[in-house]
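From a predicted model like this one, the values you see are computed outputs, not experimental measurements. Labels below follow one simple rule: chain letters A, B, ... track the order of the sequence lines, proteins then strands, and each chain is numbered from 1.
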Protein chains: 4
Amino acid sequence: MARGVNKVILVGNLGNDPETKYTQGGMAVTTLSLATTSVRKDREGNTQERTEWHRVKLFGKLGEIAGEYLRKGRQVYIEGSIRYDKFTGQDGVEKYFTDIVADEMQMLGGGGEGGGAGGGGGGRSERPSRPAPRQEAPRKEAPPAKSNDFGSDFADDDIPF
Amino acid sequence: MARGVNKVILVGNLGNDPETKYTQGGMAVTTLSLATTSVRKDREGNTQERTEWHRVKLFGKLGEIAGEYLRKGRQVYIEGSIRYDKFTGQDGVEKYFTDIVADEMQMLGGGGEGGGAGGGGGGRSERPSRPAPRQEAPRKEAPPAKSNDFGSDFADDDIPF
Amino acid sequence: MARGVNKVILVGNLGNDPETKYTQGGMAVTTLSLATTSVRKDREGNTQERTEWHRVKLFGKLGEIAGEYLRKGRQVYIEGSIRYDKFTGQDGVEKYFTDIVADEMQMLGGGGEGGGAGGGGGGRSERPSRPAPRQEAPRKEAPPAKSNDFGSDFADDDIPF
Amino acid sequence: MARGVNKVILVGNLGNDPETKYTQGGMAVTTLSLATTSVRKDREGNTQERTEWHRVKLFGKLGEIAGEYLRKGRQVYIEGSIRYDKFTGQDGVEKYFTDIVADEMQMLGGGGEGGGAGGGGGGRSERPSRPAPRQEAPRKEAPPAKSNDFGSDFADDDIPF
DNA sequence: TTTT
DNA sequence: TTTT
């Protein structure tokens with residue numbers, strides 16, 4: 001279902017509160033600004049810090065959780081993929097954007113109001129009343145598949161080995 | 001939905017043909033023996049190779065694809081998690097097993113009959129006539145969610161940014 | 001210099017204080033017991049937690065840092081590889097062990113006394129007076145290469161693009 | 001030595017032959033154009049392919065190996081980190097670039113002239129006669145440290161466990 | 001813009 | 001044995 005691997009793993013701190021918008025279809029789209037800092041020695045032997053600011057997008061349920069629980073300064077684990085986009089402005093100038101599209105998220109450190117969350121397509125959510133982020137949305141459907149979710153008819157004593 | 005991250009990424013070659021069994025519920029469980037080799041210098045400066053043999057388990061649809069397309073010697077990319085199990089034999093001796101439970105798989109190199117496959121719980125498959133591995137099983141249901149699958153009501157022109 | 005990829009990424013909490021031993025050559029070898037928890041639904045729809053306990057080994061400088069700064073309960077990021085070992089006990093019974101050999105470590109969350117650390121072979125350390133872990137070991141040599149360390153004769157204005 | 005994690009894992013095919021340049025300090029800098037393709041269903045249920053083209057930079061010894069052995073179409077595994085850069089052109093327009101800076105590389109598939117290579121800072125290479133890429137450069141020095149390289153005074157029988 |  |  002794919003040709004190749006495009007995987008990103010980030011651990012960093014939020015430079016700002018998350019920003020959540022909603023598509024016309026009612027899907028949450030949350031954007032994070034996430035800092036990761038690395039250190040190297042330059043040729044004079046001085047320590048040089050360099051910070052990358054990643055623009056991380058979270059869709060659907062994952063976007064709702066991120067918008068609700070994450071805050072500026074919070075440390076977070078993100079797993080996802082890189083997406084490069086190009087837009088042409090009304091001035092005719094092409095603009096390039098690089099996003100990390102998250103498919104897994106874990107809040108790190110103490111003070112955590114929640115655990116982790118992941119997987120799942122945003123599109124499974126029904127349309128909310130939109131400008132109001134759903135806090136306690138009823139779960140009518142099965143939760144999104146998780147990595148270790150072996151499916152409903154799986155049981156350990158079911159395995160012939 | 002999880003506390004922590006347990007992620008394994010392997011690229012290696014199969015030491016044997018895959019072995020596929022079926023649970024009582026009809027779910028395929030395929031086991032691979034996958035070699036990864038690393039090299040280091042010992043203290044005499046000699047190059048030392050060391051090969052790890054990973055026991056990789058693939059469940060459900062992913063197990064069916066692996067059983068059907070992979071063969072001894074084939075190079076493969078696996079993404080999954082580590083699972084430690086302990087069994088007590090009838091002799092009372094405890095035995096320990098470490099498995100890599102795959103949730104993504106990509107056949108590498110040329111001669112490839114297929115691309116990649118991943119995600120999805122095994123439990124979604126209906127029960128096959130079991131001893132006979134389904135080769136051409138009809139796909140009545142939506143394919144398992146993939147990382148970049150934004151869901152059915154998602155469209156680029158739907159996004160407000 | 002290798003054939004294949006054997007990569008593990010863990011985020012979890014320590015179940016115990018780290019244990020540090022020293023080789024005859026004076027290299028620190030620290031062992032962590034690291035928990036990662038995943039959640040799935042069984043076929044009755046009940047939420048099932050499952051915790052894996054990873055045995056993580058850190059060698060050399062990384063082992064010293066881990067032994068000094070990590071404590072029971074602490075959340076940590078580990079990157080490394082899987083190593084399977086087999087020993088035959090004096091009773092003639094074979095015993096199997098699976099270790100995660102770390103080559104990168106990051107302490108997570110607040111209360112952090114330190115940042116991250118990684119890379120580097122343990123063997124570069126000179127022999128310490130051994131039972132006493134070196135706290136302020138003099139650094140006579142260049143620090144181990146890090147991912148983003150482009151080397152000593154590298155400078156941005158040096159690159160022709 | 002770092003704050004955060006910035007890790008990228010790619011498996012893809014080269015869209016072009018690699019391009020190698022040399023810094024004034026004589027370090028190789030090779031650029032790859034690497035394609036990864038993902039598949040999703042749009043809301044009409046049609047299969048949509050999307051290809052990301054990653055610009056991958058390899059420095060030093062790794063850049064030399066890539067320049068020498070990789071060719072258009074070749075499948076490759078890359079591990080590295082994301083780097084965002086901004087340049088202001090002479091027209092005063094800011095331009096943004098996103099690079100994947102590799103610190104590990106593995107040639108995949110058959111026809112492979114070589115195995116994998118990785119780690120190590122570029123700076124370890126002596127200065128080549130520069131405009132001429134070294135094809136058969138003698139290896140006077142120890143190869144760069146690899147993940148599983150436990151260092152020169154390490155031996156299995158040295159470990160107290 | 002974060003964090004240490 | 002951790003953590004939420």
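- For the pair C:Leu10 CG and F:dT3 C1', the interatomic distance rounds to 15 Å; values are reported in whole Å.
- Distances were taken from every side-chain heavy atom of B:Arg3 (C-beta onward) to each of F:dT3, E:dT4, E:dT2; the shortest belongs to F:dT3.
- Here the C1' atom of nucleotide F:dT2 and the CG atom of C:Leu70 are 13 Å apart, to the nearest Å.
- Nearest-nucleotide mapping onto DNA chain E: of A:Glu49 and A:His54, the residue sitting toward the 5' end is A:His54.
- Between C:Arg71 atom CZ and F:dT3 atom C1' there is a gap of 18 Å when expressed in whole angstrom units.
- Look at CG on A:Leu32: it is 18 Å from P on E:dT1, rounded to the nearest Å.
- Remark: the C:Ser33 side chain and the F:dT1 base include a donor-acceptor N/O pair separated by less than 3.5 Å.
- Computed from coordinates, the A:Arg74 CZ to F:dT4 P distance equals 10 Å when rounded to whole Å.
- Atom CD of C:Gln75 is separated from atom C1' of E:dT3 by 15 Å (rounded to the nearest Å).
- Taking 4.5 Å as the limit, every side-chain heavy atom of C:Tyr22 sits out of range of all side-chain heavy atoms of C:Met27.
- Interface remark: the C:Asn13 side chain does not form any donor-acceptor pair with the F:dT3 base, using a distance-only criterion of under 3.5 Å.
- The side chain to side chain donor-acceptor pair (under 3.5 Å) check on C:Ser33 picks up nothing, with sequence neighbours excluded.
- Residue B:Lys86 contributes atom NZ, which lies 13 Å from atom C1' of F:dT1 at whole-angstrom precision.
- Counting only heavy atoms from C-beta on, C:Asn16 has its side chain closest to F:dT1 among F:dT2, E:dT1, F:dT1.
- With a 4.5 Å cut-off on side-chain heavy atoms, A:Arg74 and A:Met107 count as touching.
- The OH-P distance, from C:Tyr77 to E:dT4, rounds to 19 Å in whole Å.
- Contacts of A:Tyr84 classified as side chain to side chain contact (heavy atoms under 4.5 Å, CB included), with partners at least two apart in sequence or in another chain: A:Ile82, A:Thr98, D:Glu52, D:His54, D:Thr98, D:Ile100.
- A heavy-atom distance below 4.5 Å is found between the side chains of C:Ile9 and A:Ile9.
- Within 4.0 Å of A:Thr51, counting heavy atoms only, lies at least one base atom of the nucleic acid.
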